[in-house]
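For reference, the structure is listed below as structure tokens.
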Amino acid sequence: MKMLADFDKEGFKKEVITNVKTLFRKPIEEATPQQVFQAVSYAVKDDIIDRWIATHKEYEKKNVKTVYYLSMEFLMGRALGNNLINLTYYDAVKEALDELGFDLNFIEDQEPDAALGNGGLGRLAACFLDSLATLGYPAYGCGIRYKYGMFKQGIKDGYQVEMPDDWLKDGNPFEVKRSEYAVEVKFGGYVRVENKNGRNYFIQDGYQSVRAVPYDLPVIGYGNNVVNTLRIWDAEAIQEFCLDSFDKGEYEKAVEQQNLAKTIVEVLYPNDNHYAGKELRLRQQYFFISASVQRAILKFKELNKDIHKLPEKVTFQMNDTHPTVAVAELMRILMDEEGLEWDDAWDITTRTCAYTNHTIMAEALEKWPIELFSRLLPRIYQIVEEINRRFVLKIQEMYPGNQDKVKNMAVLYDGQVKMAHLAIAGSYSVNGVAALHTKILEERELKDFYEMRPEQFNNKTNGITQRRFLLHANPLLANWITDKIGDEWITNLSHLKKLKVYVNDEKCQHEFMNIKYQNKIRLAKYIKEHNNVDVDPRSIFDVQVKRLHEYKRQLLNILHVMHLYNRLKTEPEFDMYPRTFIFGAKASAGYKRAKLIIKLINSVADVVNNDASIEGKIKVVFIENYRVSNAEIIFAAADVSEQISTASREASGTGNMKFMLNGAPTLGTMDGANVEIVEEVGIENAFIFGLSAEEVMKYEREGGYNPMDIYNNNQAVRRVLTQLIDGTYASDDPDRFRDLYDSLTKEDVYFILKDFDSYAEAQQKVDKAYQDEKGWAKMAMLNTACAGKFSSDRTIEEYAKEIWKLKKVKVSLDK
């Protein structure tokens, strides 16, 4: 790995020793691993700060246009290793720590994953920030500093249990608190109107408010001195403690403000199955959006006098529907604080805001009850009402007498505030995140909006950062690639195509598969340590790791495992190559059926893993608390990438790209980015099955699918489903999985039974293909060689050029 600058190894060692002494009042020999992690992190941070300051000086000097990437989630993963890689100091620091008697890998393991996200959305945002910095584009990520994140997942008696993920208990050595940039965020109350000089001014009164205080985290570009910022907002009480109330014995009232602030930043995505949860989620969204937009405007005004120039210097990219209240908040600031009239403010807003849609599923497009929204955000609601009034007039003008258009497109309808509609009405760009996804948005989900303004819509296929998911996660493979083609792939992943010349070379095939085997040994050790299950690294590692949701169809996977087990038990002539089925997934706390699927996976594991008669042909492992740090170990070790969502339901997926990059062929439906993966690698180097998106949508439109027909006519399916309710996997309570049985036989909205045979057939092809060692090695190598398109660097270049119009900035350190 190249070195950016001279690394002072002796100076670094001294700094680590001094940090242990000043932070913990002890010599380094007595320090705990956690204390050594802190000391090393502060030493690294020291180096980062110089670059961070230099970067922002350069941005200010050039008065650059900046993107503010607004996201409820940033699933960053551990910072230390990633920071060292992007500083190009990893090997040097490893050596320095060796000399001090510490193993860098062990020290990295002391760092908790930053609990700022729960899945693909947050991981994508993290990859985007990495790419923005590496490409030298000015950017802020803006989110919330959750105290407990989503939750730490435990598995007890096979069930998911949620525990607080107290990731900040030892502090976060890389963050910097910026109290000087705190702003006030207001909730509730009422709006009164004052007339001054013939103009109405809207003033919010009787409100509760909190102080939003930013904590900045460095986001380091690879080998280029650029350090951008992830700004996460914490909430503090305006008045921490009311002594007057305390003196009167009103103890709860004394800390009322503090409690209000605390609840806003406690957890990511509170359970919104109830009204209080809904209110808290909306409060969270407005809290971080108001704080981010306020601060961005203040920063803009430090360097620019004319507020009308805002779109030339700022873009707010709204990552999904969560941040779309930004449209109305920007309008509020421009009108109520900057004194602009509506038309001017609207013109600026609609040239500053852009929206990324991440979902095809209507239920995931947020809607808020008007009653709740107007009570919590009275001024914002007035603005949304006016946006809606004008937007509806525009619809009626373009489509006279077409009430269906109004119904399908209005921001306010049926007592709901429709956030996706607000985002589209207030943005200059709307993008999907894979070619198929964008096509479905334009032709189905957002068809009316697309017809109205086709030029507003565009596609930006997602990507991942190869620096974390190959260079850091799979050092054996990274070094092998660099030996073969040089290290330019680290910042330009398309160079991987140079590996194609090696795919038929037997020696290279052997080296590649040996690296995979070493990574499988590493994962097998992790599984033994955390699950106490022995798995054979020579078996096929068949992996499905992602959020647990019915449309992602983990249920199809485990039903097929049950089917294979039945065949092993009842067909003496049936043989299969040993297979380890690996699952990792969190289910939302309030999502009962998803949690039941976790229980089923673990119940099947209990039966199958303990049946000596099948001679270890099948093992099932559920890895608890799936997160970025264990994902890195999993992706590097996978042989098969399960991407089996119901076609037309997965917007893109990024796990599919991480598997591909690490040499695991896709077993999947033609859904999301799988379509583009297959285009790149060739259908012969993937295992594709199931209904197409068109077929699924046709059934949904016209009907004609009855799962009972399959149940009645397919003996293998009937047998597996019967085992859900006959006690095979729940002898103490045969009705435990009744809900899953009912969902499959009565509705099967995700076409699990419809795709079952096709899936089983694809799995047989995997079994056969894996036994052809040379053929499989070639296929695995081609997956890595063809992964170049799926770098987040490519995605960000497209955003920067086509949506944001950003310019790259070079940063040099003054010597």
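If you're wondering where the values come from, they're calculated on a predicted model, not measured in any experiment. Throughout, numbering of the chain's residues begins at 1 and tracks the sequence.
- Partner Asn82 forms a side chain to side chain contact (heavy atoms under 4.5 Å, CB included) with one of Asp130, Ile220, Leu471 and no other, that one being Asp130.
- Under a 3.5 Å cut-off, the side chain of Thr666 and the backbone N or O of Gly668 do not form any donor-acceptor pair.
- The main-chain N or O of Thr134 is found under 3.5 Å from a side-chain atom of Asn224 such that the two form a donor-acceptor pair.
- Side chain of Lys65 to backbone of Trp804: a donor-acceptor contact under 3.5 angstrom is found.
- Tyr137 and Glu797 share a side-chain donor-acceptor pair at under 3.5 Å.
- A donor-acceptor contact closer than 3.5 angstrom is absent between the side chains of Glu73 and Ser71.
- Side-chain contact, Tyr355 with Thr321: no donor N or O sits under 3.5 Å from an acceptor N or O.
- At least one donor-acceptor pair closer than 3.5 Å links the side chain of Ser427 to the backbone N or O of Ala423.
- Between His421 and Phe391, the ring centre distance reaches or exceeds 6.0 Å.
- Tyr140 and Asn228 are not linked by any side-chain donor-acceptor pair at a separation below 3.5 angstrom, with hydrogens and angles left out of the test.
- Tested against Glu366 for a side chain to side chain donor-acceptor pair (under 3.5 Å), the candidates His322, Lys418, Gln285 yield a single pass: Gln285.
- In this structure, Arg332 pairs ionically with Glu337, as a charged nitrogen and a carboxylate oxygen lie closer than 4.0 Å.
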Walk me through it: do Arg295 and Glu302 pass the test salt bridge (Lys or Arg N to Asp or Glu O under 4.0 Å)?
CA-CA 11 Å; Arg295 182 62 215 143; Glu302 286 165 13; 3.2 Å; yes
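- With salt bridges taken as basic N to acidic carboxylate O contacts below 4.0 Å, none links Lys447 and Glu442.
- Side-chain polar atoms of Lys460 and Asn458 form a donor-acceptor pair below 3.5 angstrom.
- Judged by a 6.0 Å distance limit and a 45° cone about the ring axis, Arg351 is not positioned over the six-membered ring of Tyr428.
- Atoms CG and CE, from Leu446 and Met452 in turn, are 13.5 Å apart once rounded to the nearest 0.5 Å.
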Using the salt bridge (Lys or Arg N to Asp or Glu O under 4.0 Å) rule, take Arg145 and Glu175 through it: C-alpha gap first, then chi angles, then the decisive distance, then the call.
CA-CA 11 Å; Arg145 185 175 179 265; Glu175 70 183 9; 2.8 Å; yes
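- A distance below 6.0 Å separates the ring centres of Phe128 and Tyr799.
- Between Tyr68 and Gln317, the side chains place no donor N or O within less than 3.5 Å of an acceptor N or O (distance only, hydrogens not considered).
- Although no hydrogens or angles enter the test, the distance criterion places a donor-acceptor pair under 3.5 Å between the side chain of Asn388 and the main chain of Val411.
- Side-chain contact of Trp52 with Thr229: a donor-acceptor pair under 3.5 Å is present, judged by distance alone.
- Salt bridge Arg390/Asp343: present, at least one basic N to carboxylate O contact under 4.0 Å.
- Side-chain contact between Ile383 and Trp342 is present, with at least one heavy-atom pair separated by less than 4.5 Å.
- Using a 4.5 Å heavy-atom cutoff, the side chains of Leu75 and Leu121 are not in contact.
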Begin from the C-alpha positions of Lys789 and Leu493 and carry the test side chain to side chain contact (heavy atoms under 4.5 Å, CB included) through to its verdict.
CA-CA 7 Å; Lys789 174 182 177 176; Leu493 197 61; over 6 Å; no
Give the C-alpha distance, both sets of side-chain angles, the deciding distance and a yes or no for side chain to side chain contact (heavy atoms under 4.5 Å, CB included) between Met660 and Thr784.
CA-CA 6 Å; Met660 181 193 196; Thr784 297; over 6 Å; no
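- In summary, the side chains of Asp671 and Thr669 do not present any donor paired with an acceptor at a separation below 3.5 Å, with no hydrogens or angles considered.
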Verdict with reasoning, Arg123 to Thr465, per side chain to side chain contact (heavy atoms under 4.5 Å, CB included):
CA-CA 10 Å; Arg123 188 52 241 165; Thr465 167; 3.8 Å; yes
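- Side chains of Thr315 and Thr352 form no contact here, defined as non-hydrogen atoms less than 4.5 Å apart.
- Geometric assessment of Lys405 against the ring of Tyr399 yields a positive cation-pi assignment under the 6.0 Å and 45° thresholds.
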Verify side-chain hydrogen bond (donor to acceptor under 3.5 Å, both in side chains) between Ser629 and Asp113, making sure each step is shown before the conclusion.
CA-CA 7 Å; Ser629 53; Asp113 286 43; 2.7 Å; yes
May I have the step-by-step check of salt bridge (Lys or Arg N to Asp or Glu O under 4.0 Å) for Lys439 and Glu445, ending in yes or no?
CA-CA 10 Å; Lys439 184 171 179 264; Glu445 295 308 312; over 6 Å; no
Starting from the C-alpha separation in whole Å, work towards a yes-or-no answer on salt bridge (Lys or Arg N to Asp or Glu O under 4.0 Å) for Asp306 and Lys301.
CA-CA 8 Å; Asp306 184 1; Lys301 286 168 74 177; over 6 Å; no
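- When side chains are defined from C-beta on, Trp233 does not count as touching Tyr215, because their heavy atoms never get closer than 4.5 Å.
- Counting heavy atoms from C-beta on, the side chains of Met781 and Leu499 never come closer than 4.5 Å.
- Side-chain N or O atoms of Ser648 include none that pairs as donor or acceptor with a backbone N or O of Ala693 at under 3.5 Å.
- In terms of modelled atom types and a separation under 3.5 Å, the side chain of Thr55 and the main chain of Val227 share a donor-acceptor contact.
- Put simply, the side chain of Gln643 never gets that close to the backbone of Asn674: no donor and acceptor are under 3.5 Å apart.
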One pair to check against side-chain hydrogen bond (donor to acceptor under 3.5 Å, both in side chains): Gln466 and Ser791. What are the steps and the verdict?
CA-CA 7 Å; Gln466 64 269 29; Ser791 171; 2.9 Å; yes
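- Ion pairing of Glu60 with Lys57 is absent here, as no side-chain N (NZ or NE/NH1/NH2) approaches a carboxylate O to less than 4.0 Å.
- Inspection of the His549 and Lys552 side chains reveals no N or O donor paired with an N or O acceptor under 3.5 Å.
- Within 6.0 Å of NZ in Lys808 there are more than 12 heavy atoms belonging to other residues, nucleotides or ligands.
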Side chain to side chain contact (heavy atoms under 4.5 Å, CB included) between Asn474 and Phe635: does it pass, once the steps are laid out?
CA-CA 9 Å; Asn474 196 345; Phe635 290 124; over 6 Å; no
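- Of the candidates Asn459, Asn357, Thr461, Asn431, Asn459 is the only one forming a side chain to side chain donor-acceptor pair (under 3.5 Å) with Thr438.
- Judged purely by atom type and a 3.5 angstrom limit, Asn662 has no side-chain atom pairing as donor or acceptor with the backbone of Leu470.
- For the residue pair Thr482/Asp487, the side-chain donor-acceptor check at 3.5 Å is not satisfied.
- Side chains of Asp320 and Thr356 form no contact here, defined as non-hydrogen atoms less than 4.5 Å apart.
- Ring geometry, Tyr59 versus His56: the interplanar angle exceeds 60°, so the pair is classed perpendicular (tilted spans 30 to 60°).
- Contact check for Met657 versus Ser652: side-chain heavy atoms found under the 4.5 Å cut-off.
- Residues Asn304 and Asn63 have side chains that bring a donor and an acceptor to within less than 3.5 angstrom of each other.
- Between the side chain of Asp344 and the main chain of Leu340, no donor-acceptor pair closer than 3.5 Å is present.
- Under the 6.0 Å distance and 45° angle rule, Lys658 counts as a cation-pi partner of Phe469.
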